[in-house]
Amino acid sequence: MNREIQQRLVWVKLFEETNDAGLVCRRCGISRPTLRKWWKRYSEQGIDGLSSQSKYPLKSPNTKVNAELEVLILEIRSARNLGARRLQTELMRLHGVSLSLATIHKVLSNHQVKLIKKFRRKVDFIRYERPLPGDRIQMDTCKLVPGLYQYTSIDDCTRYRVLGLSK
């Protein structure tokens, strides 16, 4: 018999001796509903009733995904190679099934489906170049504070920069 069961047995025996729930609760530092629960279990099942019981439900009537829905998700995934977000929209559009991204991802993870990875190359910037100095000049104006402006010019051939301030 483990320590929890022994402690609960002490509570129940003390209650049966004194028949005073308030006294037992004050002395043992428990609430009346707790004492009531353990006394009821002890009177119905004996010592076996004092062991902790799992609160996990035996059945869940509101399961989101059943076996048919899992098969449907996996079929769409294998046929079209879609990710969880696209699967979500396709399920809603074609089959009227509304599932969260986390639920769809969980189904895919449970069946060890590899995730889709798309590598996007960074587009290199386009550098403007001209063969002759002074052929093209880029200019920019920036207002620093009211009445104070900064002018910047860059030559596309030599990359020389010229800055100027004016009021």
Side-chain angles (χ1 to χ4, degrees), residues 1-128 138 140-146 148 150 152 154:
M1 196 169 10
N2 68 11
R3 184 159 171 80
E4 285 181 343
I5 294 175
Q6 288 175 346
Q7 190 175 28
R8 292 170 187 158
L9 186 60
V10 168
W11 299 342
V12 171
K13 292 294 183 185
L14 187 60
F15 176 66
E16 288 179 345
E17 290 172 9
T18 62
N19 204 19
D20 186 2
L23 174 73
V24 174
C25 291
R26 280 191 306 274
R27 186 174 289 173
C28 299
I30 59 173
S31 65
R32 286 178 187 251
T34 302
L35 177 64
R36 211 175 297 126
K37 174 178 78 170
W38 293 118
W39 180 75
K40 183 180 175 190
R41 282 193 192 175
Y42 179 74
S43 59
E44 290 174 355
Q45 302 170 10
I47 289 247
D48 295 335
L50 296 178
S51 61
S52 296
Q53 297 174 353
S54 173
K55 293 183 175 94
Y56 192 78
L58 299 175
K59 293 182 189 176
S60 180
N62 296 328
T63 53
K64 295 178 191 174
V65 181
N66 54 20
E68 299 166 3
L69 203 49
E70 281 189 21
V71 169
L72 178 64
I73 290 170
L74 294 173
E75 282 178 359
I76 295 174
R77 166 62 185 220
S78 64
R80 302 198 37 211
N81 199 25
L82 301 177
R85 189 175 307 272
R86 290 286 302 275
L87 278 170
Q88 181 186 35
T89 57
E90 291 297 306
L91 286 169
M92 186 64 193
R93 188 173 63 87
L94 299 175
H95 303 282
V97 177
S98 178
L99 293 174
S100 69
L101 287 175
T103 303
I104 295 171
H105 182 73
K106 191 184 295 184
V107 169
L108 295 176
S109 298
N110 289 342
H111 292 279
Q112 284 88 30
V113 175
K114 299 278 187 189
L115 297 177
I116 298 172
K117 291 185 180 178
K118 291 185 179 177
F119 296 104
R120 296 182 180 168
R121 288 190 60 206
K122 184 178 175 184
V123 179
D124 291 336
F125 60 90
I126 300 171
R127 175 167 283 199
Y128 296 105
Q138 299 178 36
D140 186 30
T141 305
C142 179
K143 182 178 183 180
L144 300 175
V145 292
L148 185 63
Q150 173 185 324
T152 308
I154 301 174

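Nearest heavy-atom pair, Ser98 versus Met92, reported as atom, atom and distance to 0.1 Å: CB-SD, 3.9 Å. Nearest approach of Trp38 to Ser51, heavy atoms of both residues: CZ3-O, 4.1 Å. Smallest separation of non-hydrogen atoms from Val24 and Thr18: CG2-OG1, 3.7 Å. The two residues Leu87 and Leu82 make their nearest non-hydrogen contact at CD1-O, 3.9 Å. For Leu69 against Asn66, the heavy-atom pair with the smallest separation is N-OD1, 2.9 Å. Nearest approach of Ala21 to Arg32, heavy atoms of both residues: CB-NH1, 3.8 Å.
Residues satisfying the salt bridge (charged side-chain N to carboxylate O under 4.0 Å, His left out) test with Arg93, not counting sequence neighbours, are Glu90.
A 6.0 Å sphere centred on CD of Glu68 holds no more than 12 heavy atoms belonging to other residues, nucleotides or ligands. Crowding of Arg86 atom CZ: a count of heavy atoms from other residues, nucleotides or ligands under 6.0 Å not exceeding 12.
Tested against Ile76, the residues Leu91, Val71, Leu94 include a single side chain to side chain contact (heavy atoms under 4.5 Å, CB included) partner, Leu91.
Counting only heavy atoms from C-beta outward, the side chains of Gln6 and Leu9 never approach each other to under 4.5 Å. Considering only heavy atoms from C-beta on, Asp140 stays 4.5 Å or farther from Ile154 through its side chain. Side-chain contact between Asp20 and Phe15 is absent, with no heavy atoms from C-beta onward closer than 4.5 Å.
Applying the ring-ring contact (aromatic ring centres under 6.0 Å, His included) test to pairs two or more places apart or on separate chains, none has a residue in residues 56-115.
Atoms CZ and OG1, on Arg85 and Thr89 in that order, are 9.5 Å from each other to the nearest 0.5 Å. Between the CD1 atom of Ile104 and the CD atom of Gln88 there is a distance of 5.0 Å, given to the nearest 0.5 Å. The distance from atom CD of Glu17 to atom CG of Leu23, rounded to the nearest 0.5 Å, is 10.5 Å. Remark: Leu148 CG to Lys143 NZ distance equals 10.5 Å, nearest 0.5 Å. Here SG of Cys25 is found 8.5 Å from CZ of Arg36. Values are rounded to the nearest 0.5 Å. Separating the CD atom in Gln45 from the NZ atom in Lys40 is a distance of 10.0 Å, to the nearest 0.5 Å.
Side chains of Thr152 and Gln150: a donor on one and an acceptor on the other come within 3.5 Å. Tyr42 and Lys37 share no side-chain donor-acceptor pair at under 3.5 Å.
Not one N or O on the side chain of Glu70 forms a donor-acceptor pair closer than 3.5 Å with the backbone of Val107. Distance alone, capped at 3.5 Å, is enough to place a donor-acceptor pair between the Arg8 side chain and the Leu50 backbone. Side-chain atoms of Ser43 come within 3.5 Å of backbone atoms of Trp39 as a donor-acceptor pair (strictly under, hydrogens ignored).
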